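Given the structure is predicted, the values throughout are model-derived calculations rather than measurements. Order of listing sets the numbers, starting from 1, for every ligand and every atom in it.
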Amino acid sequence: MSYSFADTEELSLLRQTVRAFAEKEIGPRAFELDEKEEFSYELTKKMGELGLFGTIVPTTYGGQGMDYLAYVIAVEELARVDGSHAATIAAHNSLGVGPLYYFGNEEQKKTYIPSLCTGQGLWAFGLTEAEAGSDAQASQTRAVYDAAKDQWTISGSKIWITNSATSLTEGITVQAVTGKRSDGRSELSCFIVPSDAPGLTRKEMHGKMMWRASNTGELYFDQVKVPARNMLGTKGQGFKIMMETLDNGRLSIGAMGLGLAKGALDLTLAYAQERKTFGVPIAKHQAVAFKLAEMATRIEAAEGLLYKAAWLKQNDKPFQKHAAMAKLYCSEVAEYCAREGQQTFGGYGLMKEYPIERHYRDAALLRIGEGTSEIQRLVISRYLGC
Ligand code: COS
């Protein structure tokens with residue numbers, strides 16, 4: 001490991017534990033779940049038992065009290081074996097629990113967070129809409145206040161929301177327009193919406209090329225009523241809550257990219273040492289050896305960047321630029337390693353029963369989800385003062 005701060009006994013033990021779990025429990029089921037596009041309740045429960053829910057939440061709210069580096073390593077080890085299960089954990093921790101923990105008041109934290117730290121409950125992040133993706137301020141979902149009843153009525157829809165359409169989903173943090181700002185832009189606020197709220201319809205989305213065993217939902221809000229105490233943060237703070245949550249989420253996606261890249265390298269190296277052409281293992285041909293060398297070098301650089309970003313975050317230093325860089329670079333390295341790995345596997349790399357094929361598909365999401373590569377470049381360039 002490149003950084004001594006990531007090389008402690010505790011972190012090594014955590015890595016070994018999550019790796020052993022992912023290889024033993026997830027690996028053997030990943031092909032079938034991907035094929036059937038099935039979210040596994042059983043594996044989700046087991047990931048809960050392992051302590052992968054509520055990772056960075058302090059133990060006072062029922063969480064595991066891990067630091068960010070530990071969390072990143074846990075996500076990385078899951079993604080090394082399977083993107084879908086890493087996605088369930090990454091989305092739940094950073095996008096689900098994150099806003100409740102960082103922006104919830106004491107009562108909200110005590111009410112909602114403990115059951116989300118066990119694997120028995122999931123929470124989703126309701127930002128994206130059909131017409132509001134990269135332009136996240138363009139939400140059309142509206143919330144109207146009724147002073148007589150001291151409640152908000154939410155109408156609209158959300159799309160591509162991870163973990164939102166399972167029977168474990170306890171609620172969603174929803175960004176909605178609550179008025180107009182003096183500069184003419186929409187005033188955006190966030191609401192805690194329980195998944196059983198009357199008027200809320202949650203529908204599983206199918207037909208994804210990647211992360212096929214992770215749950216993705218479409219949400220429809222037909223006059224959904226929530227009491228005023230369900231506002232998260234203050235009126236008009238919604239967009240900042242969403243943006244800060246995405247800053248943290250970028251560390252998770254970086255971890256997924258790094259893990260996927262490492263998984264692709266491990267698979268490719270093992271195959272290249274086994275498979276023979278022209279009388280020798282293909283790893284002995286420079287055409288293949290150089291690919292492996294390039295993959296390993298890019299992985300080392302990605303790891304350094306991601307761990308630095310996580311270290312900055314956990315030490316309360318500005319980390320947002322590094323998080324965007326880590327998300328951008330790790331997702332590119334993941335795609336590179338999956339593609340070069342697939343090339344090395346030749347025809348076998350095109351067959352579904354070879355995990356490298358799944359890595360190749362799963363990598364595609366990383367440059368699109370939680371802010372496209374273009375958005376990361378926009379964010380980084382703004383930090384440079386462009
Ligand atoms: N943290 C806190 N506040 C932030 C912020 C951040 N990271 N980024 C922006 N803001 C604030 C700004 O300070 C500004 O505040 P004021 O209204 O008080 O001036 C406000 O938010 C609007 O900022 P800005 O004008 O920069 O917003 P833009 O509409 O230009 O959008 C981008 C900024 C493009 C970066 C944002 O829309 C974005 O991240 N889009 C991608 C969304 C995304 O990742 N979606 C995928 C979700 S998958 S889970």
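- Residue Gln237 does not touch ligand 1, judged by heavy-atom distances below 4.0 Å.
- Scanning the protein for heavy atoms near atom 25 (O) of ligand 1, the closest one is Arg185 NH1, 3.3 Å.
- Within the listing of ligand 1, atoms 1 (N), 6 (C), 7 (N) sit less than 4.0 angstrom from a heavy atom of Asp247.
- Distance from atom 20 (C) of ligand 1 to its nearest protein heavy atom, with residue and atom name: Phe239 CD2, 3.9 Å.
- The backbone N or O of Thr162 lies less than 3.5 Å from no partner atom in the side chain of Asn215, so there is not a single donor-acceptor pair.
- The aromatic rings of Tyr271 and Phe345 sit parallel to each other, their planes meeting at less than 30°, with 60° as the upper class boundary.
- Protein heavy atom closest to atom 17 (O) of ligand 1, with residue, atom name and distance, is Arg181 NH1, 2.7 Å.
- A salt bridge does not link Glu77 with Lys262: every distance from a Lys NZ or Arg NE/NH1/NH2 to an Asp or Glu carboxylate oxygen is 4.0 Å or more.
- Checking only distances, Asp135 never comes within under 3.5 Å of ligand 1, N or O to N or O.
- Within the 4.0 Å heavy-atom criterion, the part of Leu378 lying near ligand 1 is the side chain and not the backbone.
- A salt bridge links Arg367 with Glu335: at least one charged nitrogen is closer than 4.0 Å to a carboxylate oxygen.
- A salt bridge does not link Arg29 to Glu25: none of the charged nitrogens lies less than 4.0 Å from a carboxylate oxygen.
- Among the atoms of Leu246, none of the N or O lies under 3.5 angstrom from an N or O of ligand 1.
- A cation-pi arrangement is present between Arg298 and Tyr336, with the terminal nitrogen or guanidinium carbon under 6.0 Å from the aromatic centre and inside a 45° cone about the axis.
- Residue-ligand proximity, Arg250 to ligand 1, at heavy-atom distances under 4.0 Å covers atoms 39 (O).
- Residue Thr128 places no N or O, backbone or side chain, under 3.5 Å from any N or O of ligand 1.
- At least one donor-acceptor pair under 3.5 Å links the side chain of His92 to the backbone N or O of Leu116.
- No heavy atom of Lys327 sits closer than 4.0 Å to any atom of ligand 1.
- Distances from atom 39 (O) of ligand 1 to the heavy atoms of Met243, Met242, Gln137 put Met243 nearest.
- Under the 4.0 angstrom criterion for non-hydrogen atoms, Lys240 is in contact with ligand 1.
- A salt bridge links Glu187 to Lys235: at least one charged side-chain nitrogen sits closer than 4.0 Å to a carboxylate oxygen.
- Protein heavy atom nearest atom 35 (C) of ligand 1, with residue, atom name and distance: Val379 CG2, 3.9 Å.
- In Leu95, the part holding a heavy atom less than 4.0 Å from any atom of ligand 1 is the side chain.
- Judged by the shortest distance from any of its heavy atoms, Gly249 lies outside the 4.0 Å radius around the atoms of ligand 1.
- For atom 46 (C) of ligand 1, the nearest protein heavy atom (residue, atom name, distance) is Gly371 N, 3.5 Å.
- Here Asp34 pairs with Arg361 in a salt bridge; the nearest charged N to carboxylate O distance falls below 4.0 Å.
- When the options Ala136, Ser134, Ala91 are ranked by their closest heavy atom to atom 40 (N) of ligand 1, first place goes to Ser134.
- Under 4.0 Å from ligand 1, not a single heavy atom of Gln320 appears.
- Distances from atom 33 (C) of ligand 1 to the protein include at least one heavy-atom value under 4.0 Å.
- The protein non-hydrogen atom at the shortest distance from atom 26 (O) of ligand 1 is Arg382 NH1, 2.7 Å.
- The protein heavy-atom contact nearest to atom 45 (N) of ligand 1 is Gly133 O, 3.8 Å.
- One finds the CE atom of Met210 at 3.5 Å from the CG atom of Leu365 (value rounded to the nearest 0.5 Å).
- At a threshold of 4.0 Å, the pair Arg80-Glu23 counts as salt-bridged, since one of the basic side-chain nitrogens sits closer than that to a carboxylate oxygen.
- In summary, of the residues considered (Gln320, Gln376, Glu370), a side-chain hydrogen bond (donor to acceptor under 3.5 Å, both in side chains) with Arg250 occurs for Gln376 alone.
- Protein heavy atom at the shortest distance from atom 1 (N) of ligand 1 is Glu244 CG, 3.5 Å.
- A salt bridge between Lys36 and Glu32 is present, with a side-chain N of the basic residue lying under 4.0 Å from a carboxylate O of the acidic one.
- Ion pairing of Glu35 with Arg212 is absent here, as no side-chain N (NZ or NE/NH1/NH2) approaches a carboxylate O to less than 4.0 Å.
- Only side-chain heavy atoms of Phe125 come within less than 4.0 Å of ligand 1; its backbone N, CA, C and O stay farther off.
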